[in-house]
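Computed from heavy atoms alone, side chains included, the values below leave out hydrogens, waters and symmetry copies. Labels below follow one simple rule: chain letters A, B, ... track the order of the sequence lines, proteins then strands, and each chain is numbered from 1.
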Protein chains: 2
Amino acid sequence: MTQVKPMRADARRNYDRLLKVAAEAFAEHGEGASLDDIAKRAGVGSGTLYRHFPTRQALLEAAYVDRIEALGARADEIAKELPPGEALAEWLYELCVGTIQVRGMKALLGSAVTDGSKAALTACGTSMKGAAQRLVEAAQREGTLRHDIEPIEVLRLAHGVSTASELANGQGKQIRRYLSLLTDGLRP
Amino acid sequence: MTQVKPMRADARRNYDRLLKVAAEAFAEHGEGASLDDIAKRAGVGSGTLYRHFPTRQALLEAAYVDRIEALGARADEIAKELPPGEALAEWLYELCVGTIQVRGMKALLGSAVTDGSKAALTACGTSMKGAAQRLVEAAQREGTLRHDIEPIEVLRLAHGVSTASELANGQGKQIRRYLSLLTDGLRP
DNA sequence: AGATAAGCGGGGACTGTCTCCGTTTAACCC
DNA sequence: GGGTTAAACGGAGACAGTCCCCGCTTATCT
C-alpha cells in the first residue's frame, strides 16, 4: 500500500529531503519548529511541504515512523531475553528515554494514545499498541502484572512518567526511579 | 509587598478586568489563548496588557494565584480531617482534578515544578511546594510513605498522573485509578 | 521531440506577538 | 475649581508563523 503509482522522481527526492530535515528540526526545536523554515532548509517551497504533509502531525509522524517501528521491534527482542515482567519494564524504560531525548516524539506518542481523537488510527499508534499488548499480556500470564489494566493504559502511564521525568530535568536520571514507582504500583 | 504606592484608579480597574477576562479565556481556549484577544475583550489596548503582564506566564499566574492558594489552604483542612497518608492522597486527587478541569492551570503548575528554569521562585510554586512538604513529611513520619522521596517529586509525579488521565479523556474517571497506582508505588 | 499532467514554489492573506510613542487622564497642590 | 505632571493608555506597525492558490516547470510516455 506504499503507493499505487510510483512517485515522480523529483517528488520522491523532495519528500525524502523534507523528512530528513524535519527530523533534525523537530529534534532541535521541539514540535513547534517552523514549517516554512523546514521547507526552506530542504530547498523547496512551502507549498510542496504542505502538499506532501497536510498537517504538522502528518510530518511529525512521517519523520519518526521508522524510529517508532524500531521501538516496536525492540519489544520482541527484549521479550526473548528477559522474563515478561522485566521485559515490560525494560521496554517502557526505552520508550521513555526515546520520548524525552527526541524532542518531537513526545507530541507524536502522546496523540497516539489519546482517546477520543481521530488520531487513534495512525500507523505509529497501532505499532505501539501492538507491542504494548504483547508485553502486557505476557506479564499478566506470568502473574507479575495486574489483570485489571489495559495495554493502552500502560502506554498512557508511561507517557505520564516521561512528563514527570522531563520536569525533573536531570538528563533522564529520574526515569528509572519514577518508572520503578509505576511498576511497583502495577504489581498484582 | 502588594504595592509600594497604591495603583492609579484606572490602572487598578484595567488590571482587574484583564485578570477576570484572562481566567475565562484560558479556561476556554487553554494556555494558548490569544493575548491580543484578551486585551480586546477586556476593553483595553494590547500595550496595557503587556505592561501589566510582561509574559504569558505572568498573566497565567496572576489569573490563577487565588485558585492555587486555595489549594494550598485546602491541604491544611484535609490534614485535620484525615490521617496523613490518606490526606496526601486526597489532596493529590484534588490537585489533579484542578489541573485537568481548569485548562490553563496545567501549564502553570507544570512550570512551577520544573527544575532548572528561573520560574522556580514564583508565588504559586512556593505555595504548592509548601503544601506538599507538610503533607509529605507528615505521611513519612506516620510511616505510610517512602522516605526516599522529596515533596517536589511527588508534585512532579502528580503532574504525570494528570497527563496520563488527560490522555484517557474520561472526564476524570481515571484519575483515582491512576493516582492509586502511584500511591501504591509510593508505599515504603 | 512533443504532449500532458503531476508537481513545484513563492507571493500573499491571515492570525498572533510584542514594542514604541503620541495622547489622555488621575492625582495632587494651590 | 484650575493647572501641572507623571503615570497610564492604546493602537499602529514591525515581525514571525501558517497555509492556500495558481501560473510555471519538468518528468514521463509515446
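The separation between B/Gln57 atom CD and C/dT17 atom P is 14 Å, rounded to whole Å. Taking atom CZ of B/Arg41 as the reference point, atom P of C/dG16 lies 12 Å away to the nearest angstrom. The separation between A/His29 atom NE2 and D/dA16 atom C1' is 14 Å, rounded to whole Å. We find that CZ of A/Arg51 is positioned 8 Å from P of C/dG9, with the value rounded to whole Å. If you measure from atom CE of A/Met7 to atom C1' of C/dA5, you get 15 Å, rounded to the nearest angstrom. Taking atom CG of residue B/Leu49 and atom C1' of nucleotide D/dG10, one finds them 12 Å apart after rounding to whole Å. A/Phe53 has its CZ atom 14 Å from the C1' atom of C/dG7, to the nearest Å. Distance CD (B/Glu31) to P (C/dT17): 12 Å, rounded to an integer number of Å.
Linking ILVMFWY residues whenever their side-chain heavy atoms come closer than 4.5 Å, directly or via other members, leaves A/Val21 and A/Val65 in distinct clusters.
In terms of phosphate contacts, A/His52 brings a side-chain nitrogen or oxygen within less than 4.0 Å of OP1 or OP2 of C/dC8.
Taking both residues in full, the closest heavy atoms of A/Ala87 and A/Ala79 are given as CB-CA, 4.1 Å, listed atom of the first, atom of the second, then distance. Residues A/Gly185 and B/Asp184 approach most closely at CA-CB, 3.9 Å, considering heavy atoms.
By the 30° and 60° cut-offs, the orientation of the rings of A/Tyr64 relative to A/Phe26 is tilted.
Remark: A/Arg103 does not engage A/Glu28 in a salt bridge, criterion side-chain N to carboxylate O under 4.0 Å. Looking at B/Glu31 and B/Arg56, no side-chain N of the basic residue comes within less than 4.0 Å of a carboxylate O on the acidic one, giving no salt bridge.
Taking every heavy atom of residues 9-21 of chain A and every atom of DNA chain D, pairs under 4.0 Å involve A/Ala9, A/Asp10, by number.
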So which protein N/O to nucleotides 17-19 of chain D N/O distances come out below 3.5 Å?
from, atom 1, to, atom 2, distance (Å)
D/dT18, OP1, A/Arg56, NH2, 2.2
D/dT18, OP2, A/Ser34, OG, 3.4
D/dT18, OP2, A/Leu35, N, 2.8
D/dC19, N4, A/Asp36, OD2, 3.1

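For B/Arg17, the CZ atom counts as loosely surrounded, since its 6.0 Å shell holds 12 or fewer non-hydrogen atoms of other residues, nucleotides or ligands.
A side-chain donor from one of A/Glu137 and A/Gln133 sits under 3.5 Å from a side-chain acceptor of the other.
Distance NE2/A/His159 to CD/A/Glu153: 15.5 Å, rounded to 0.5 Å.
When the nearest nucleotides of DNA chain D are assigned to B/Arg8 and B/Val44 by heavy-atom distance, the more 5′-ward of the two goes with B/Arg8.
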